[in-house]
Amino acid sequence: MLDMKFIRENPEIVRQGLLNKNSADVVDEILSIDEERRALILKTDELKAKRNQASAQIPMMKKSGQDTAPVLAEMKSVSDQITQLDIQLREIEDKLEDILRHTPNIAHSSVPVGKTAEENVESRRWLPNGFNFQNDFKVLDHIELGKKLKILDFERGTKISGSGFPLYTAKGATLERALINYMLDYHLQHHGYSEVMPPILVNRKSMEGTGQIPKMEEDMYFIEKDGLYPIPTAEVPITNIHRDEILNEKDLPIKYVGYSPCFRREAGSYGKESKGFLRVHQFNKVEMVKFVKPETSFDELEKLVVDAEDILQALNVPYRILLLCTGDLSFSAAKCYDIETWSPAENRWLEASSCSNFEAFQARRANIRFRNEATKKPEFVHTLNGSGLATSRLMVSILENCQTPEGKIIVPKVLQKYTRFEIID
RNA sequence: GGAGAGAUGGCAGAGUGGUUGAAUGCGGCGGUCUUGAAAACCGUUAAGGAUGUAAGUCCUUCCGGGGUUCGAAUCCCUGUCUCUCCGCCA
């Protein structure tokens with residue numbers, strides 16, 4: 001959620017920010033509702049002050065034997081007015097809140113302005129030693145490899161649940177588990193994160209806190225009977241760990257890493273990109289979440305990207321980093337880098353991670369604050385998160401990049417102590 | 001799933017209709033004392049909002065919502081959550 005005060009004081013910045021994010025210009029509407037709201041508050045406060053004064057006097061009047069009937073009658077009417085005004089005020093505040101909740105975050109000034117993903121900017125790329133985009137043998141795609149080596153069974157996954165629910169078998173399952181464990185261990189040992197294993201069904205408040213709801217509601221699974229949502233990313237439960245809390249400044253930054261399965265309905269995306277692992281309803285992801293002081297959040301974002309990159313370099317997977325343009329930024333993000341890994345069979349880059357700074361947008365929604373030691377006042381933290389990383393797309397790149405001309409897979413060195421095998425054949 | 005108990009400030013815990021935003025204790029912060037520290041003592045210590053250049057003034061908030069009343073932490077209804085016991089269960 002954007003800060004109402006900021007909108008009031010910087011309407012033109014917000015207006016331009018919304019336009020850059022391909023979002024409707026609701027600034028004037030917000031300002032006029034806000035004005036209406038403040039006028040009402042003025043009126044009710046006046047009446048309430050009057051009522052409070054009378055409430056203090058009535059007992060004293062009674063003690064001294066004065067007739068309180070006229071005061072009581074007057075206060076009755078004051079109270080009725082307050083009730084009416086409070087109803088009006090409530091309606092207006094609901095209206096304002098509703099618009100604000102549907103209004104996206106605006107981009108940071110360092111983000112390139114652009115309409116679509118076409119205008120994202122590649123900030124750097126990393127390729128393993130001796131890497132070549134052209135292979136001198138016919139590369140198999142991950143689906144063919146999965147079938148040939150009996151490590152992925154998309155048909156049976158479909159039988160069990162439906163399309164988009166992959167079944168990993170034999171060494172494929174082990175490799176997946178190895179990858180998750182390796183990534184967690186790496187972040188714990190080298191990057192100073194603290195491990196969490198969060199609930200994967202969350203309530204509505206949590207989904208609102210991180211901004212998946214209300215805008216993305218259609219893409220979320222929902223268990224009606226219990227009012228719970230299977231999480232689309234561990235960002236949701238992990239960020240909500242500190243919902244409605246005031247953190248100590250000296251504890252910041254707080255850095256969590258956690259594994260979870262992720263569930264996405266991907267409504268309306270059938271056909272396109274839907275084969276194999278490219279777009280699935282359930283996948284595994286190791287997620288990094290940070291709670292930081294506002295002035296450090298953009299530095300922390302850069303570090304977050306490097307934390308994810310380290311893993312890819314250790315795995316020897318070619319990747320590039322994209323700085324998303326304003327139009328491609330998600331609802332809650334102020335700045336975001338995507339990390340894409342190379343798929344030789346698809347002959348293109350696949351998004352394997354997304355690292356975002358939400359500034360105070362999520363913190364304001366989820367009411368996550370810290371006490372500023374200098375001012376003694378609570379302030380909103382900045383939240384960030386990044387995949388570190390999602391295994392499904394990464395698995396595509398690992399399988400395809402590590403295949404031999406005979407169609408076997410050489411397990412990346414760093415994973416071998418987790419898999420206890422070096423080759424899949 | 002059945003039965004019962006409860007939800008108050010950073011925490012613990014009083015408070016059953018009228019200066020109660022809330023006793024007391026702990027914790028935090030500032031000070032006195034001390035070579036330093038501890039102890040002791042004194043003081044201080046909620047959040048949000050409106051208004052104002054500011055100092056300040058005012059309003060709201062004792063789990064959420066509704067009601068009774070001139071007035072609610074306190075009474076009534078309702079929702080949510082937590083805890084205890086029983087049942088079931090990986």
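The chains referred to below are lettered A, B, ... by the order of the sequence lines, with proteins before strands, and numbering in each begins at 1. Hydrogens, waters and symmetry mates play no part in the numbers below; they use all other heavy atoms, side chains included. Bear in mind that the values here come from a model prediction, so they are computed numbers and not experimental data.
A distance-only check finds no donor-acceptor pair linking the side chain of His191(A) to the backbone of Tyr193(A) [under 3.5 Å].
Ile41(A) comes within contact range of the sugar-phosphate backbone alone, with a heavy-atom separation under 4.0 Å but no base atom that close. As judged by a 4.0 angstrom heavy-atom cut-off over every strand, Arg364(A) is placed among residues making no nucleic acid contact. No contact: Ala56(A) has no heavy atom under 4.0 Å from any strand.
Here the nucleotide nearest the side chain of Lys76(A), chosen from C70(B), G48(B), U51(B), is C70(B). With C70(B), U60(B), C58(B) as the choices, the nucleotide that has an atom nearest any side-chain atom of Lys48(A) turns out to be U60(B). Listed candidates were U60(B), G18(B), A50(B). Nearest to the side chain of Leu42(A) is A50(B).
Distance noted for atom P between G21(B) and G6(B): 25 Å (whole Å). Nucleotides U20(B) and U74(B) are separated by 10 Å at their C1' atoms, to the nearest Å. Annotation: G64(B) and C11(B) have their P atoms spaced 15 Å apart (nearest Å). Taking atom P in both G9(B) and C63(B), one finds a spacing of 8 Å when rounded to whole Å. If you take atom P in G10(B) and the same atom in G28(B), they sit 16 Å apart, rounded to whole Å. If you take atom P in A5(B) and the same atom in U61(B), they sit 29 Å apart, rounded to whole Å. Between A3(B) and G79(B), the distance separating the two P atoms is 14 Å to the nearest Å. Comparing G67(B) with A72(B), their C1' atoms are spaced 12 Å from each other, to the whole Å.
Between Leu179(A) and Tyr418(A), the closest side-chain pair of non-hydrogen atoms is not below 4.5 Å.
Using a 4.0 Å cut-off, some side-chain N or O of Ser79(A) falls inside it from OP1 or OP2 of G71(B). The phosphate of G49(B) has neither OP1 nor OP2 within less than 4.0 Å of any side-chain N or O from Arg8(A). Residue Arg38(A) has a polar side-chain atom (N or O) positioned under 4.0 Å from OP1 or OP2 of U51(B). For the pair Arg371(A) and A47(B), the criterion of a side-chain N or O lying under 4.0 Å from OP1 or OP2 is met. Look at Asn52(A) and you won't find any side-chain N or O under 4.0 angstrom from OP1 or OP2 of U19(B).
Look at CZ on Arg369(A): it is 5 Å from P on G48(B), rounded to the nearest Å. Rounded to whole Å, atom P of U80(B) lies 19 Å from atom CG of Asp244(A). Atom CD in Glu249(A) sits roughly 18 Å away from atom P in G28(B) (whole-Å rounding). Protein atom CD of Glu379(A) is 12 Å distant from nucleotide atom P of A47(B), rounded to whole Å. Distance CE (Met1(A)) to P (G48(B)): 14 Å, rounded to an integer number of Å. Atoms CD1 (Ile82(A)) and P (G67(B)) sit 14 Å apart, rounded to a whole Å. The distance between atom CZ of Phe370(A) and atom P of A47(B), rounded to the nearest whole Å, is 14 Å. Protein atom CZ of Arg204(A) is 16 Å distant from nucleotide atom C1' of U80(B), rounded to whole Å.
Map Thr83(A) and Pro59(A) each onto its nearest nucleotide of RNA chain B; the residue landing nearer the 5' end is Pro59(A). Residue whose closest nucleotide on RNA chain B sits further toward the 5' end, between Ile246(A) and Met75(A): Ile246(A).
C81(B): Watson-Crick or G-U partner is G6(B), with both key distances under 3.5 Å.
Looking at Arg38(A) and Asp34(A), a side-chain N of the basic residue comes within less than 4.0 Å of a carboxylate O on the acidic one, giving a salt bridge. A salt bridge does not link Arg264(A) with Asp219(A): none of the charged nitrogens is closer than 4.0 Å to a carboxylate oxygen. Electrostatic pairing of Asp153(A) and Lys159(A) does not count as a salt bridge here, judged by no charged N lying under 4.0 Å from a carboxylate O. With respect to the salt-bridge test (charged N to carboxylate O, under 4.0 angstrom), the residues Arg265(A) and Glu217(A) do not qualify.
Between His281(A) and Tyr221(A), the two ring planes are perpendicular [angle over 60°; tilted spans 30° to 60°].
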